[in-house]
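Read through the structure below, which is laid out as structure tokens, and then see the notes.
A quick note: this is a predicted structure, and the numbers were derived from the prediction, not measured. The chains referred to below are lettered A, B, ... by the order of the sequence lines, with proteins before strands, and numbering in each begins at 1.
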Amino acid sequence: MPEGHSIHRLARQFQDVFAGQVLDVSSPQGRFTAGAALLDGRKLQEATAHGKQLFLRFDRGVILHVHLGLYGAWNFGGDESFRGASSIGAPRRIGERETFSQDAEQDAGSLTGSYAGPPEPVGAVRVRLVSRNGWADLRGATTCAAITEAEAATVLARLGPDPLHNLSGDRDEFIRRIRRRKTAVGLLLMDQSVVAGIGNIYRAEVLFRQAVDPWTTGGALDDETAGLLWDDTVAAMNDGVRDGRIVTTPPAWWNGGDAGALDGEAHFVYKRQGQPCRRCGEAVAMAEIGARKLYWCPGCQD
DNA sequence: ATATTATGCAAAT
DNA sequence: TTTGCCTAATATT
């Protein structure tokens, strides 16, 4: 159940541990057998992310396109070199499942510099990637397909700018796409064609941090406010990539000021309906909008 | 121990 | 507009 920061971390990990290597690709579950056969035995050239979409580019122009959806997850395991790469092996974070499974940690802990091979697949493993140094299992993804470069371009074409790329022109493009619409900004931030990578937590938290009423229409925002929304999203999501979890409150709001100890203090409004706003004390509100729960403080965001 | 929920999206209806 | 995904954390019995 990742937002964009998790997918960018995953792309980094795939780049670190698999890029440049020939991979064995299989579908133990059996639902991706044909796609796996297309990818099997090819070299992974590059791993990239845009928003919540992950692209693994193999040689001869075949791309593994994955979207985890609500509860998809990758699990990894392997030898020392594999384990030490990027954020793999980092402490398991709430809300991220891109780290080692418990079994894999036990396996890896018993290794002495060598890699004994992947474990028997447990559960519905849609795709398994195996290199000389380690393995990755995908479960529960909403999208998992072997596609061409042209098809990948089509996927990218329907996405808005990604705050984690923040390319030149992205900020202006975001402002344009927001202000063009008469929809509530609380909905627009979740619209991947407006901005790619924001999910329900960043949506609620960034709107709170910028004191923007989620029910304001995009067209009613001025350039400055829309620009500040983009800037704060860039900052918040980059923190998420660094930390491997979404923490939108500053240390001053944590009991003891220790990130490792924070529990229920990581967010201003997300999942805090009925509780007093950390800033003004008014009860945090919640409404279902577009089949998702929107959280905001009626006192601070008006 | 069992039930509910959810950091989404696409396909089916 | 509804369903599938078929996980894993959290809530409830």
Side-chain angles (χ1 to χ4, degrees), chain A residues 1-10 27-32 35 49-55 65-76 91-105 121-128 136-147 151-152 154-160 162-164 186-208 233 236-237 239-241 243-249 263-264 266-274 286-295:
Chain A
M1 336 206 257
E3 301 198 20
H5 68 299
S6 294
I7 312 306
H8 280 257
R9 283 164 61 91
L10 281 165
S27 178
Q29 175 204 45
R31 281 193 46 187
F32 189 61
H50 192 103
K52 302 166 191 169
Q53 318 279 339
L54 176 69
F55 301 95
H65 173 216
V66 172
H67 191 295
L68 294 178
L70 188 55
Y71 50 72
W74 284 98
N75 284 286
F76 297 87
R92 194 177 183 81
R93 301 293 196 185
I94 293 170
E96 292 214 356
R97 299 170 199 156
E98 69 213 41
T99 51
F100 281 72
S101 69
Q102 213 166 10
D103 284 349
E105 283 194 47
V122 176
V125 177
R126 185 87 57 86
V127 184
R128 164 168 283 185
D137 281 351
L138 173 67
R139 291 183 180 81
T142 197
T143 299
C144 171
I147 64 174
E151 289 168 323
T154 302
V155 173
L156 290 172
R158 54 164 213 261
L159 298 174
D162 183 340
L164 289 173
L187 272 173
L188 291 176
L189 291 188
M190 294 276 286
D191 183 338
Q192 302 298 302
S193 71
V194 171
V195 51
I198 296 182
N200 207 13
I201 301 181
Y202 283 124
R203 177 256 293 263
E205 295 295 302
V206 169
L207 287 171
F208 176 87
T233 303
M237 293 188 73
D239 286 348
V241 171
D243 300 337
R245 63 177 296 192
I246 301 175
V247 178
T248 53
T249 50
D263 181 30
H267 311 132
F268 281 106
V269 291
Y270 176 73
K271 269 192 176 170
R272 294 195 66 244
Q273 74 272 28
M286 188 275 282
E288 291 230 5
I289 173 173
R292 311 301 301 278
K293 288 178 177 174
L294 168 67
Y295 305 86

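- Annotation: side chain of A:R139 is in contact with side chain of A:V122 (closest heavy-atom distance under 4.5 Å).
- When the C1' atom is used for both C:dC6 and B:dA3, the distance is 16 Å, rounded to whole Å.
- Between A:R126 and the phosphate of C:dC5, there is no side-chain N or O to OP1/OP2 separation shorter than 4.0 Å.
- Among residues two or more places apart in sequence or in another chain, the ring-ring contact (aromatic ring centres under 6.0 Å, His included) test is passed with A:H65 by A:F55.
- Within the 4.5 Å cutoff, no side-chain heavy atoms of A:M286 are placed close to those of A:V269.
- Using C1' as the reference atom, B:dA10 and C:dA8 are 22 Å apart when rounded to the nearest Å.
- Residue pairs meeting the salt bridge (charged side-chain N to carboxylate O under 4.0 Å, His left out) criterion with at least one member in residues 188-199 of chain A, sequence neighbours excluded, are A:R181-A:D191.
- Residues A:I7 and A:Q53 are not in side-chain contact: their nearest non-hydrogen atoms beyond the backbone lie 4.5 Å or more apart.
- Between A:R292 and B:dT7 there is a side-chain polar atom (N or O) within less than 4.0 angstrom of OP1 or OP2.
- When the nucleotides B:dG8, B:dA6, C:dA8 are ranked by their closest atom to the side chain of A:N75, C:dA8 comes out on top.
- Taking side-chain N and O atoms only, A:Y71 has no distance below 4.0 Å to OP1 or OP2 of C:dC6.
- An OP1 or OP2 oxygen of B:dG8 is reached within less than 4.0 angstrom by no side-chain nitrogen or oxygen of A:Q192.
- Here A:Q29 lies in heavy-atom contact (under 4.0 Å) with sugar-phosphate atoms only.
- OP1 or OP2 of B:dC9 has at least one side-chain nitrogen or oxygen of A:K52 nearer than 4.0 Å.
- Counting heavy atoms from C-beta outward, A:Q273 and A:K293 have side chains that stay 4.5 Å or more apart.
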Quick one: which protein N/O atoms are closer than 3.5 Å to N/O atoms of nucleotides 10-13 of chain B? Pair and distance per line, please.
{"residue": "B:dA10", "atom": "OP1", "partner": "A:R158", "partner atom": "NH2", "Å": "2.2"}

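- Comparing A:K271 and A:R139 along DNA chain C, the residue whose closest nucleotide (by nearest heavy atom) sits nearer the 5' end is A:R139.
- Among the heavy atoms of the strands lying under 4.0 Å from A:R31 are primed sugar atoms or P, OP1, OP2 only; no base atom is included.
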